Amino acid sequence: MDLKATHNRFLPPICLAAALVLSSCSVSRDIPEDNYLLNKVKVVTDSKYHDINPGNLKGYVRQKPNSRWFSAVKLPLGVYAMAGKDSSWVNRMLRQMGEAPVIYDTLQAQMTCKDLQQALQNKGYLDAQVELFIDKKKHKLDAVYVLHPGKPYFVRELDFVIEDTTVARLLRGRSSLLHQGMQFSVETLSAERNAITQYLQNRGYFRFHKEYITYGARKDEEQQGVNLKLLLQQQHKAYTIDSIKYEGGADDHLHLRPKVLSENTFLESGKPYSAEKLQNTYNHFGRLGAVKYTNIAFEQQPDTTLLDATIQVQTNKPSTISFQPEGTNTAGDFGAAASLTYQNRNLFRGSETFSLQLRGAYEAIKGLEGYSNQDFTEYSAETKLSFPRFIMPFLSRSFRRRTIATSELALLYDVQDRPEFHRRVLSAGWSYLWKPQNHHDSYRFDLVNLNYVFMPWISETFKTEYLDNTSNQNVILRYNYEDLFIMKMGFGYVYNNGVVALKTNVETAGNLLGACSKIFGGSKNDLGQYKLFNIAYAQYVKGDFDYTQQILKGTNDQLVFHIGLGIAYPYGNTTVLPFEKRYFSGGANSVRGWSVRSLGPGRYKDKDGRINFITMTGDLKLDLNVEYRMKLFWKFNGAIFADAGNIWTLRDYPDQPGGQFKFNTFLSDLAVSYGAGLRLNFDYFILRFDLGMKAINPAFEIESEAHYPLLHPKLSRDLAFHFAVGMPF
């Protein structure tokens with residue numbers, strides 16, 4: 001019998017048993033006599049109406065029971081129970097990390113009944129009643145709130161009483177949320193009051209507020225209805241903006257050009273006051289990196305309805321310098337890096353941001369034989385210049401003002417010296433980023449992006465073993481150690497409303513160069529590739545799709561689904577996708593049963609670990625993830641997850657057998673893993689620790705137990721540990 005494998009199988013049950021023992025620690029000593037621990041709380045209803053959802057009404061319950069891990073184990077309560085009575089630092093820490101027992105409170109329960117009843121009445125169930133049932137077992141108590149909504153009431157008669165005839169005429173031009181026959185709802189009444197207030201404030205009514213609007217309602221039990229009346233009393237004045245002036249901050253000096261001030265001001269002289277334009281002005285000044293804060297004050301001219309606006313703009317110090325050291329770990333090779341960044345947030349007095357970053361890195365590489373040098377060094381210089389507006393002709397002024405846009409110019413020069421080779425990268429790009437106001441979506445357009453990659457030196461050892469070896473026909477490997485030029489264009493779209501997140505990106509490279517080469521008869525190299533500046537250029541198309549949705553969301557837990565799909569196809573002047581554009585699988589944000597760059601393509605099994613960063617790449621990627629997240633205690637959150645996915649090549653490369661995508665083998669090529677994670681949530685950032693186990697491994701030897709690690713687990717082979725910052729998706 002394999003004792004090690006048997007031991008591995010029994011680890012999860014042992015851990016679960018330990019958690020159960022810990023959570024069952026006696027808490028009776030913390031419960032006063034004749035009191036009860038609140039064990040469970042339920043909200044149920046006898047209503048047949050679909051708008052009564054007990055789950056949505058749980059927020060009105062004033063007392064919640066102690067939180068549970070996986071909806072079963074009260075581990076935070078067990079941690080608290082471990083603390084002694086004295087005030088030693090250990091006991092204080094346990095109390096802080098744990099959760100005190102929730103003692104059932106009769107008064108809180110009665111108030112919950114009233115709150116639930118009021119919530120039902122606000123929805124139109126004016127005859128609603130709420131009953132409370134309790135079940136006591138030793139020192140524990142279960143509470144069940146039963147909702148009896150009855151029948152809903154509807155608006156039978158509706159009347160608008162508006163004293164100001166001008167306001168009445170204005171409001172007749174809008175669509176009201178109230179109408180006869182609607183189900184009575186306090187939420188709808190409140191929304192209508194806010195909508196009227198916003199409507200009038202955007203049409204000059206500077207001093208109007210929602211308290212001017214009241215309602216009168218009379219219940220008609222016989223007709224199961226409500227007679228409703230909206231009352232808007234008093235006469236109200238509309239105000240006009242007369243003058244707009246700007247003031248500086250503490251030094252009373254404006255550090256922004258007059259044109260920049262006017263472009264970001266939506267209030268207009270001679271036009272009615274508008275709360276919406278006021279907010280847009282705040283928003284646009286607030287997004288300027290040079291602006292520290294903005295304050296807009298209005299002063300009414302005596303005996304008139306004219307307003308003078310004063311916009312005070314306080315700017316930041318334009319220049320900053322920062323230094324950031326960091327530690328690195330690349331596949332077990334430790335090193336250090338540091339960056340020095342200079343930033344000017346008001347370069348041309350238009351809130352243009354200029355930055356220059358100098359970075360250096362060093363790593364000591366282990367496991368290389370036959371190379372004179374065992375170190376990796378990298379130096380880079382990157383500069384960016386961004387404008388807080390569109391720098392593009394033919395765009396209307398109204399479109400520019402409706403969007404929050406940035407135009408960005410970026411330059412990078414990177415020097416990488418490894419024992420095997422030296423690589424130089426020179427890149428330049430011009431991009432646009434914009435976001436419509438009050439929307440959940442944003443856009444990015446890379447008008448042009450140039451990348452020049454050249455290899456000034458390759459060691460003789462590396463050439464002999466890999467590049468010039470007649471037995472090695474790895475076209476992917478050779479292609480990635482040749483000089484290369486990439487000229488691409490791309491478009492990206494992002495949508496996020498807090499529940500659904502969607503990211504898409506499409507880019508294409510080499511099409512313009514390919515067309516020019518064919519039209520003007522460009523020169524070719526020995527492989528038949530067109531050249532630019534004596535260097536072959538890449539030609540491909542690439543698309544990425546990423547979708548995340550919260551399927552279930554509770555107070556302390558949520559279920560999240562994610563799908564990621566990417567495909568890239570080299571064509572024309574290119575038979576192999578450039579390394580920087582290829583996909584890899586495994587790692588903290590992919591199929592977590594595998595370490596980074598250790599899965600795929602397809603059923604391919606790596607033969608040489610020293611070059612797997614090249615061979616274990618592909619042109620097509622699929623990630624499927626589902627993750628259940630829960631709050632544990634203190635700053636600790638937990639997760640259990642299942643992942644599936646892989647990468648594939650679109651062409652059949654001899655040195656990646658089993659790596660090509662085929663529809664008839666697609667399902668059998670999917671790798672599957674499962675695992676659990678621990679997260680430390682410090683609000684500003686999240687530290688994530690994930691343990692993933694292989695469940696189905698598509699790369700296995702014939703009749704090997706490694707095909708189904710779920711049935712034949714082996715920690716040394718199937719376990720992967722991941723440390724990352726932020727959530728996986």
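Everything numeric here is computed off the predicted structure, so don't read it as measured data.
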Determine, stepwise, if the pair Lys581 / Glu507 fulfils salt bridge (Lys or Arg N to Asp or Glu O under 4.0 Å). CA-CA 10 Å; Lys581 301 301 177 181; Glu507 66 179 65; 3.3 Å; yes
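Side-chain contact check for Phe661 versus Asp619: every heavy-atom pair is 4.5 Å or farther apart. Inter-residue side-chain proximity for Tyr540 and Pro578 is flagged as met; some heavy-atom pair is nearer than 4.5 Å. Within the 4.5 Å cutoff, no side-chain heavy atoms of Lys542 are placed close to those of Lys488.
The backbone N or O of Thr665 lies less than 3.5 Å from a partner atom in the side chain of Ser668, making a donor-acceptor pair.
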What donor-acceptor contacts under 3.5 angstrom involve side-chain atoms of residues 641-651, with partners at least two apart or in another chain?
{"residue": "Asp643", "atom": "OD1", "partner": "Arg592", "partner atom": "NH2", "Å": "3.0"}
{"residue": "Asp643", "atom": "OD1", "partner": "Asn625", "partner atom": "ND2", "Å": "2.8"}
{"residue": "Asp643", "atom": "OD2", "partner": "Arg592", "partner atom": "N", "Å": "3.2"}
{"residue": "Asp643", "atom": "OD2", "partner": "Arg592", "partner atom": "NE", "Å": "2.9"}
{"residue": "Asn646", "atom": "ND2", "partner": "Gly602", "partner atom": "O", "Å": "3.1"}
{"residue": "Asn646", "atom": "ND2", "partner": "Asp669", "partner atom": "O", "Å": "2.7"}
{"residue": "Trp648", "atom": "NE1", "partner": "Asp669", "partner atom": "OD2", "Å": "3.1"}
{"residue": "Thr649", "atom": "OG1", "partner": "Arg651", "partner atom": "O", "Å": "2.8"}
{"residue": "Thr649", "atom": "OG1", "partner": "Gly659", "partner atom": "O", "Å": "3.3"}
{"residue": "Arg651", "atom": "NE", "partner": "Thr575", "partner atom": "O", "Å": "3.2"}
{"residue": "Arg651", "atom": "NH2", "partner": "Pro570", "partner atom": "O", "Å": "2.8"}

All N/O donor-acceptor pairs, side-chain side in residues 382-392, below 3.5 Å, sequence neighbours left out:
{"residue": "Thr383", "atom": "OG1", "partner": "Ser355", "partner atom": "O", "Å": "3.1"}
{"residue": "Arg389", "atom": "NH2", "partner": "Glu352", "partner atom": "OE2", "Å": "3.1"}

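Ring pair Phe729/His562 is parallel by interplanar angle, where below 30° counts as parallel and above 60° as perpendicular. Taking the six-membered ring where the residue is Trp, Phe491 and Phe445 present tilted rings, their angle falling between 30° and 60°.
The environment of NZ in Lys531 is crowded: more than 12 heavy-atom neighbours from other residues, nucleotides or ligands sit within 6.0 Å. Remark: Asp526 CG is loosely packed, at most 12 non-hydrogen atoms of other residues, nucleotides or ligands lying under 6.0 Å away. Around atom CZ of Phe723, more than 12 heavy atoms belonging to other residues, nucleotides or ligands sit under 6.0 Å away.
Qualifying side chain to side chain contact (heavy atoms under 4.5 Å, CB included) partners for Asn637, counting only residues two or more places apart in sequence or in other chains: Lys631, Arg679, Asn681. The side chain to side chain contact (heavy atoms under 4.5 Å, CB included) search around Phe520 returns Cys516, not counting sequence neighbours. Applying the ring-ring contact (aromatic ring centres under 6.0 Å, His included) test to His422 and every residue at least two apart in sequence or in another chain returns Trp457. The ring-ring contact (aromatic ring centres under 6.0 Å, His included) test applied to Tyr493 returns Tyr443, not counting sequence neighbours.
In this structure, Asp483 does not pair ionically with Arg423, as no charged nitrogen and carboxylate oxygen lie closer than 4.0 Å.
Under the 3.5 Å distance criterion, with hydrogens and angles disregarded, no donor-acceptor pair is assigned to the side chains of Asp623 and Tyr583.
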